[in-house]
Amino acid sequence: MHIIHTIAQLRSELGSTTPNGKSIGVVPTMGALHDGHISLLQSAREQCDVVVMTLFVNPTQFNDPADFLKYPRDVARDSLIAENAGVDFIFAPAPDEMYAQGFDTVVSVPGLSNILEGASRPGHFDGVATVVTKLLNIVRADRAYFGQKDYQQLQVVKRLSADLNIGTEIVACPTVREPDGLAMSSRNVRLTPGQRRAAVVLSKALFEARKSMQAGEMDAVKLAGAIAKTVSDEPLAKLDYAVIVDPENLKPLTTIDLTNRAVALIAAKFGDVRLIDNIELFR
Ligand code: PAF
């Protein structure tokens with residue numbers, strides 16, 4: 001496995017490694033790797049000849065500079081995990097390599113970005129959309145792997161990739177959960193033991209909603225209300241939103257019918273740790 005820091009070197013390495021139509025898979029990350037990332041790397045390894053993992057803590061997607069500074073960084077640990085997962089190249093650019101002096105472009109997907117997570121984190125998805133566009137243009141992979149856990153991010157990336165004719169297939173990978181149901185996230189390590197126990201309420205509320213739907217409850221507003229109540233009953237949780245939305249445009253649904261798929265999205269704070277989760281609702 002090679003660790004590469006410049007765009008020129010990455011392009012030259014990929015040019016000489018993939019001359020005969022070999023496929024490239026890219027997994028964009030900010031490091032702090034957990035089993036969710038490993039499952040993305042494994043999918044890329046199974047489906048592509050060459051696997052690139054990008055490792056870049058992107059400053060432009062943090063609306064709070066303190067959060068950016070606090071973000072866990074351990075390149076040695078992440079490199080070992082990536083190597084064990086079969087990654088061929090880690091692309092770990094310095095901030096100046098990604099944002100050279102004079103950088104002045106923003107990629108924005110406003111309809112999907114200013115709601116839900118974007119309402120609480122202004123500018124976050126513009127930062128994500130801009131860096132992901134850059135990474136996809138730099139690597140020029142056949143496939144790029146993103147977790148469904150960050151559902152809104154996934155829809156933003158799918159939209160920009162289609163709208164800008166990026167030409168990389170966006171592959172959505174299922175959320176990986178702890179044995180008790182909590183969705184894996186780099187933020188989980190910041191929970192106190194009590195908050196960690198309480199945080200299971202998110203997946204519990206979502207699983208219950210799916211069960212109610214499977215038992216015939218098709219009123220999306222009622223289902224969302226039940227999710228909100230379950231979370232609000234947990235004293236350590238401070239609910240931000242619980243909604244049932246259309247999976248592509250993320251607009252709230254009032255009813256679920258057999259022809260429209262639906263996804264339940266949830267966000268809550270445990271102390272100062274904000275967690276999100278979601279579940280696709282199928283009948
Ligand atoms: O999901 C993440 O880790 C980041 O938002 C991403 C996609 C790597 C962009 O910085």
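Note that ligands are numbered from 1 as they come in the structure, with each ligand's atoms numbered from 1 the same way. Residues: numbered from 1 along the sequence shown.
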(Q) I'd like to check which ligand 1 atoms, numbered from 1 as shown, lie under 4.0 Å from a non-hydrogen atom of Met30. (A) 3 (O), 4 (C), 8 (C), 10 (O)
**Q.** Contact atoms of ligand 1, heavy-atom distance to Pro28 under 4.0 Å
**A.** 8 (C)
Q: May I ask you to decide whether Arg45 forms a salt bridge with Asp88, counting only side-chain N to carboxylate O separations under 4.0 Å?
A: yes
Q: Tell me who clusters with Met184, hydrophobic residues only, linked when side chains sit under 4.5 Å apart either directly or through other members.
A: Val176
Q | Per-atom contacts of ligand 1 with Gln153, taking only distances under 4.0 Å to non-hydrogen atoms | A | 1 (O), 2 (C), 4 (C), 5 (O), 7 (C)
Q: Would you name the heavy atoms of Val231 and Ala268 that are closest together and state the gap between them?
A: CG1-CB, 4.2 Å
Q | Closest heavy-atom pair and its distance - Leu253, Ala220 | A | O-CB, 3.2 Å
Donor-acceptor contacts under 3.5 Å from residues 204-213 side chains, at least two apart:
residue: Glu208; atom: OE1; partner: Thr230; partner atom: OG1; Å: 3.4
residue: Ser212; atom: OG; partner: Glu208; partner atom: O; Å: 3.1

Q: Heavy-atom distances under 4.0 Å are what count here, so tell me which part of Leu135 touches ligand 1: side chain, backbone, both or neither.
A: neither
Q: Report yes if some N/O of Gln61 lies less than 3.5 Å from some N/O of ligand 1; otherwise report no.
A: yes
Q) Short list, please: which atoms of ligand 1 are under 4.0 Å from a heavy atom of Val131? A) 9 (C), 10 (O)
